Student: 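Below is one structure. I have some questions about it.
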Amino acid sequence: EAGVAQSPRYKIIEKRQSVAFWCNPISGHATLYWYQQILGQGPKLLIQFQNNGVVDDSQLPKDRFSAERLKGVDSTLKIQPAKLEDSAVYLCASRLGGPYEQYFGPGTRLTVT
Amino acid sequence: DQQVKQNSPSLSVQEGRISILNCDYTNSMFDYFLWYKKYPAEGPTFLISISSIKDKNEDGRFTVFLNKSAKHLSLHIVPSQPGDSAVYFCAVGSSGSARQLTFGSGTQLTVLP
């Protein structure tokens with residue numbers, strides 16, 4: 001079974017530029033999450049989707065971050081404009097309905113200079 | 001307000017000995033508890049979990065203990081192997097929160113040969 005795919009793996013941009021991350025969850029997983037992990041901290045939830053609907057985006061900085069999950073499969077997370085404090089690893093995870101266990105992709109390491 | 005705390009940022013253990021990683025949580029509404037392992041440049045990998053109706057769950061060399069009255073869980077690895085060297089995150093979930101997970105800050109385990 002293929003795991004969660006993410007791209008790109010690494011991205012370096014200057015502040016005020018925009019960036020987009022892509023995630024393809026495990027086939028059949030209806031729930032998809034985006035997390036931000038800052039160095040030395042645990043993953044922090046940004047947004048949760050159920051199929052193509054948003055379940056919770058209360059921790060998403062909506063003035064600069066946006067996310068969508070068209071057709072209930074792939075998802076993109078965008079930052080526009082980026083700030084220095086957005087430097088982090090952005091993780092995508094998916095979950096089969098029912099169990100709590102989430103399965104993570106390898107993440108995208110973003111560096112904002 | 002940290003709901004999940006891993007107070008030891010790092011732990012070193014000799015190969016073959018027991019590794020004990022600890023995690024404390026504050027909210028008694030949490031009813032599911034998980035441990036994830038993370039290698040550098042990879043996403044977190046699910047390791048083992050326990051629900052609030054149990055106080056122990058074993059899977060091979062890994063055992064998770066839950067003390068609900070103390071709001072404390074621990075992960076025991078016996079015997080520890082060099083390949084176990086990784087960052088370990090505890091995560092907690094609640095059926096009342098759309099099964100979202102809240103992560104601790106992680107403990108870097110180093111198993112010395």
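Protein chains get the first letters and strands the later ones, always in sequence-line order, with residue 1 at the start of each. This structure is a prediction, so every number in the text was calculated from the model and none was measured.
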Student: In terms of heavy-atom pairs under 4.5 Å with chain A, which of B:Cys90, B:Pro44, B:Ala91, B:Ala41 leads?
Tutor: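 The option with the most such pairs is B:Pro44.
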Student: Mark yes or no for whether B:Asn67, through its side chain, and B:Ser69, through its backbone, hold a donor-acceptor pair below 3.5 Å.
Tutor: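 Indeed, once roles are kept as given, a pair shorter than 3.5 Å links the two residues.
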Student: Using a cut-off of under 4.5 Å on heavy-atom pairs, state which of A:Arg109, A:Gln50, A:Arg9 scores highest against chain B.
Tutor: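 The residue among A:Arg109, A:Gln50, A:Arg9 with the greatest pair count is A:Arg9.
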Student: Do you know which of A:Tyr10, A:Tyr100, A:Tyr103 has the most heavy-atom pairs with chain B at a distance under 4.5 angstrom?
Tutor: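 It is A:Tyr100.
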Student: May I ask you to name which of B:Val87, B:Thr45, B:Thr102, B:Leu34 has the most heavy-atom pairs under 4.5 Å with chain A?
Tutor: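 It is B:Leu34.
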Student: Can you confirm whether B:Arg17 is buried at CZ, in the sense that more than 12 heavy atoms of other residues, nucleotides or ligands lie under 6.0 Å from that atom?
Tutor: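 Not more than 12 within 6.0 Å, no.
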Student: Please state whether the side chain, the backbone, both or neither of A:Arg95 comes within less than 4.5 Å of a heavy atom of chain B.
Tutor: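 For A:Arg95, side-chain heavy atoms alone lie under 4.5 Å from chain B.
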Student: Is there a continuous path of hydrophobic side-chain contacts, each under 4.5 Å between heavy atoms, that joins A:Leu60 to A:Tyr33?
Tutor: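 No; A:Tyr33 is not reachable from A:Leu60 via cluster members.
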Student: What part of A:Gln6 is in contact with chain B, defined as an atom under 4.5 angstrom from a non-hydrogen atom: side chain, backbone, both or neither?
Tutor: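 The answer is neither part of A:Gln6.
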Student: Please say which of A:Thr76, A:Thr108, A:Asp74 ends up in a side chain to side chain donor-acceptor pair (under 3.5 Å) with A:Trp22.
Tutor: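 So, applying the side chain to side chain donor-acceptor pair (under 3.5 Å) to A:Trp22 and each of A:Thr76, A:Thr108, A:Asp74, only A:Asp74 qualifies.
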Student: Which bit of A:Gln41 is near chain B, if near means a heavy-atom gap under 4.5 Å: side chain, backbone, both or neither?
Tutor: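 Contact with chain B: backbone only.
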Student: Please indicate whether B:Ile18 has more than 12 foreign heavy atoms, meaning atoms of other residues, nucleotides or ligands, lying under 6.0 Å from its CD1.
Tutor: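 Yes, CD1 of B:Ile18 has more than 12 neighbouring heavy atoms, counting only those of other groups under 6.0 Å.
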Student: Does any non-hydrogen side-chain atom of B:Ser8 lie less than 4.5 Å from one of B:Leu21?
Tutor: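 No; the side chains remain at least 4.5 Å from each other.
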